[in-house]
Amino acid sequence: MHAEKLKGEDLEGQVCGFKIAEDLFSVPVLSVQEVIKPQALTKVPLADAAVMGLINLRGQIVTLINLRTKLGMPDEYKDENYMIVIVREGDSLTALMVDEICDVQDISAKTYEPPPETLDPNFKKYVDSVHKLDGELLIVLDLEKVLKN
Amino acid sequence: MGVDKGLALNNGVNVSEGFKVNEMVREYLLEGFEEISRITDGLTKLEQDPSNSEIINSVYRSMHTIKGASAFLQFSEIESFTHFVENLLDELRNETLKVTPDIIDILLKAVDHITAALNQVELSGSDEGCANEAFINTVKKTLSGGVDEASTASEAPGPDSSLVETSGTLDELKAELEKVDIQSVESTASQDLPGVAELNKSFAPTVGDGKGEVEEAMTKHQESSISDSVIKVHVNLLDKMMNVVGELVLNRNQILQHSSLSDSPELVRLANELNNITSELQTDIMATRMQPIGSVLGKFERLVRDLSRATGKKVALKLEGQDTELDRTIIEAIKDPLTHLVRNSLDHGIEPPEQRAASGKDPLGILLVKAYHEGGQVTIEIRDDGSGLSSEKILAKALEKGLVTEEKASEMSENQIHHLVFTPGFSTAEKVTNISGRGVGMDVVKTNIEKIGGQVDVSSVQGEGTTFKLKIPLTLAIIPALVVRANGEPFAIPQINLVELVRMDPSNSNQIEKVGSAEFLRLRGKLLPVLRLNKILGYQESLEKKSEDLNVVILNAEGMVYGLVVDEIQDTQEIVVKPLGQHLKDLNVYAGATIMGDGDVALILDAMGLVQGHTKDSDIGKERDNEISGEASIGFHEGQEMILFSLNSSATFGVPLVLVNRLEEFKRDQVELVGQRPVVQYRNTVMPIINLNSSLNLEGEQNLNEAFSVLVIKNRNKYFGLMVNTVLDIQVSESSELDSNHGQQKGILGSAFVGGATVSVIDIFKVIENSFGEESLPPEVLCGVGKTALVVDDSPFFRRIEIEAMKGQGFHVIEASNGQEALEKLQSNNVDIILSDIEMPVMNGYDLARQVRSQEELQSLPMVAITTKYDEKSKAEGEASGFSVYLEKFNKEEVIEAVSRFISQAS
């Protein structure tokens, strides 16, 4: 199954949900390798503001991206009150910093909505689609764009 | 007959127990045993499928390989035997001999014999007695009976020759073969004992019945250590194991950390044990990838032999340090560059014997290839005692090929000249031979070695020889690195970039000198630019570090040497280089990242990237001396960098950096008076000092300090020193505007906005002229009166300087800031000469020249190119596009000389 390749309306299957600043985001479950607790972090001077640093994932060096910065949301992480989602895109691993991990959700064409036009364009460009769930909206991120420099 | 010979030889063999096969022989044996099993396999298949020519060919090739290798290592007896077998196979190939079970039998016997011979070589290092003529003769005899073609070729027919393929002959043959076989096997094991002959005889009768057991026993005994002790493993698997071990090491580190907190002594003990085992495993796994360099060097024996024969030179090759081990990927990578260097030394280095004798040398040239460990790297030297590099020839060639300019060439040191051989497009071979000089040359050697993180150096004494020195990292994946800290974070610097470490006592404060915000370090008479790691990385400079020692790491980035100030220098570590993710790829300050012993991630600094990253947006002071800046390594934006200084005025003054040759500091007592003029000794000449304050009529207190700063300007081939109060900074001017309304003050070109402040730009040529105009310069004939010059330059500074120069010659001047604008001006003005820059927006100088030349009436209009883009290639392009002359920016005298020459020619 190639759910991770599909986008927008064709995207069907399971996504891994996580919260950032009260909003529910998600990425396709098949692109998630694991979820880990905050690790020792090596800062990278001169790097893009969204790059929080490098972590050592069992011998592999993985870049930790702050999704809040990337999506233009206020950066509020104090100490280690965040979680790390390790995602795989192609051959490389990237670590995403999120507030908390939520359930795996089923999505389908039935729940699909295109990204609302009213979204801030700097935010919208990372959004693949929006899905109507019971009582809340789930934003599916376009991983390829998020991970692109 | 045959038997006697075999025995005689047996007795002659001196088998020593402690014989140790060397690396070459080891490889030969390994390969040999491999080929043997391939041949055996092939022969049995061939018996099932006698007409399959592919099998015959492959068996033939394998036999040929063994023969070739034997010949190479001078196992001549094995060679002659395999040669015979190869001939048999050839007959099968040509179908002059048919594949029959009997032939297969013979061949298999032959293979057994070769196996035994190889075993003997392994045990004794010698192939004495392996030619086995007895076997060969018997086979020949048999075949001459069976095959017509063979009989014509063979010598005197034996008594059996009349028999045509009777089972009798074959049986006889077989029996003979058994004997032969035993002998050869015996020869490996037997000593010089008196009983051997009897023993052999006693063996012989039993052969018929007990041969199977005997053979089996023999093989068990002989089948040998080498072929059994080695297996082939895919490198990928080793790589993977290496990664897994890497993870294991990290895991161990964590366990060790936890165990140290625990109060269970058993856990601590186990953790320590795990620690030891893991370390050992790590060492072993790394060792699996290491290979002795002898596998490459050994091949040079043949190469040197062949080449010296081909060139008629006498050369002895000496190899040293063949046991030196390197990662196999590196061995692969250096094979070709090394071969090229060896060829090169033979072809260009070592002279023909007559020439050597004539110059009083031993006609036999010595080529030494030596490998050894040095400072965490492997150094390989290729040294010949030939004619050495000829600086004149190299220079002549480099000039001819336009690799250097004449001016630059005159300033080059011997060593710099020698390094020209690594420049792309260079080859000193006067005629192209098939040995070297095929266009790809030393530059490829250099690139390939640098690609794997190595370095190439050359040193040569004319008449005495040349040494090429390669410094190679032990492995690609693991490099030694120095760990430093900045702002508390660890950073690794590859040792290959490391020159030395300097610790400076703060009390000795004048060791770091400032030119504006740029810093320099005076180290053993050389002035090195100094960068601060904290500053580059955007960290706050740790406050009040002044009381502590200053740690400076001297780095060499592709020939550019500079100092890097760090907070702390730690130890060196072997680090595993890991790539950075795509988010960080663009940061050229880092070469990668690594995981340290404690599991933390550390960034690896890129010595070259640090310089580039730094100069990109900031303010490194530029020493315009070739030795230090390496010129091209730092990007230069013409007309935009200004050196700022203060005079007796509240204003800041500036001069375009490109016009300043050097910054110097002189002491009061160095100044002498010649006539009424202050001068100093400078670079073997007398340099007049011009006091800018008095030139510009700025009144104020005399500078009474011990020392004073001087901008050294080269004009009309002479140095002039402009004395200033204090050099403030070197800055990039943000706007290209030059406001000339600011004041028609004498000697001031105008004002510019630099570094957030207004700066008065000094017309240094005017100042020099005013100071010396009448007395020391020849009276000039103004060539430009009544003529019009068009000055095209996008930089207002240079435009202004050029305009001033032309106005000084009496020209009426029209200006344009690019080619397009110049063309428009040409439409409406009558112009006598054009002075143009090359690099310009909208339309560059080349295009302008082409456009101008395309207009009939402008064919002969003099066009002078004045540019910083001054190299042979650009010059050629400039002349091709239609410039009358191509001049380097900016030598006023040269420009005026050219201009007046063209103007007088035209009139």
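The figures that follow rest on heavy atoms only: side chains count, while hydrogens, waters and symmetry mates do not. Chain identifiers are assigned alphabetically (A, B, ...) following the order of the sequence lines, protein sequences preceding nucleic acid strands; residue numbering begins at 1 within each chain.
At a 4.5 Å heavy-atom cutoff, A/Leu41 makes no contact with chain B through either its backbone or its side chain. Interface residue A/Ala47: backbone and side-chain heavy atoms are both found under 4.5 Å from chain B. Heavy atoms of A/Val51 lying under 4.5 Å from chain B belong exclusively to its side chain. Using a 4.5 Å cut-off between heavy atoms, B/Leu580 touches chain A through its side chain atoms alone.
Considering every non-hydrogen atom in both B/Tyr590 and A/Pro45, the closest pair reads OH-O, 2.6 Å. Across all non-hydrogen atoms, the minimal contact from B/His583 to A/Val146 is NE2-O, 3.9 Å.
Residue A/Asp134 qualifies as open at atom CG: its count of foreign heavy atoms under 6.0 Å is 12 or below. Residue A/Lys132 qualifies as enclosed at atom NZ: its count of foreign heavy atoms under 6.0 Å is above 12.
Comparing B/Leu248, B/Thr594, B/Leu587 by how many heavy-atom pairs each has under 4.5 Å with chain A, the most go to B/Leu587.
Atom CG of B/Asp600 is separated from atom CG of A/Asn56 by 8.0 Å, given to the nearest 0.5 angstrom.
Proximity of A/Thr42 to B/Pro490: side-chain heavy atoms (C-beta onward) are nowhere separated by under 4.5 Å. For the pair B/Val601 and A/Ile55, the minimum side-chain heavy-atom distance is 4.5 Å or more.
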